[in-house]
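Below is one structure, written out as structure tokens; comments come after it.
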Amino acid sequence: MIATMTPELVKLKDTLKTNGYSLTAPRQSVFRVLSAHEAQTMAELIARVGKDVDRASIYRIIALFEALGIAKRLPIGWKYKLELSDDFIRHHHHFSCKKCGRTFPLPEDRILEAGIDSLAIAQEFQPEEHQLEISGLCANCK
Ligand SMILES: [Zn+2]
Ligand SMILES: [Zn+2]
């Protein structure tokens, strides 16, 4: 198992260990599915993890990952999708299509990021993280 550990898995293992948890096979499966796909719904995640891990365990694992800052929720209207936190994947934003429900990652935009930072600094606010989700209609649906 050590031989196949990616840097992300090593980081996952360290994060779990620091908080008194171990890297079990189910936790590793859920993490692999999170890292292999863009933002996904809980239903998609459950389907992708497959039968090896039962539904209740996946919910518990996601709750743990959220509590430890490994995964985060992406609010889309009154629903949400799940993805890895900025510690595990490069910081990015999304477009979400209101019609087909697909989520598209936005390319990195330094001007946007600098704008958010300068807005915060102007208000004497110390920014730590942010989410910016844009909803509308995708090229196929508009
Ligand atoms: Zn669409
Ligand atoms: Zn940003």
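This structure is a prediction, so every number in the text was calculated from the model and none was measured. We count residues from 1, following the sequence as given. Just so you know, ligand 1 is whichever comes first in the structure, and atom 1 is the first atom listed for that ligand.
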I would like to know whether Lys81 and Thr103 meet side chain to side chain donor-acceptor pair (under 3.5 Å); could you show each step before the answer? CA-CA 9 Å; Lys81 288 189 178 183; Thr103 306; 2.6 Å; yes
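- Draw a line from the Zn ion (ligand 2) to NE2 of His91 and another to NE2 of His130, and the angle between them is 100° (to 10°).
- Residues Leu106 and Phe95 approach most closely at CD1-N, 3.2 Å, considering heavy atoms.
- Remark: at the Zn ion (ligand 1), atom SG from Cys138 and atom SG from Cys141 enclose 100°, rounded to the nearest 10 degrees.
- Under a hydrophobic-cluster definition in which Ile, Leu, Val, Met, Phe, Trp and Tyr are linked whenever side-chain heavy atoms come within less than 4.5 Å, directly or via other members, Val10 and Leu23 are assigned to the same cluster.
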Could you walk me through whether His37 and Leu45 pass side-chain contact (heavy atoms from CB on, under 4.5 Å), step by step? CA-CA 9 Å; His37 300 272; Leu45 177 85; over 6 Å; no
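- The closest approach of Glu113 to the Zn ion (ligand 2), by N/O/S atoms, is made by OE2.
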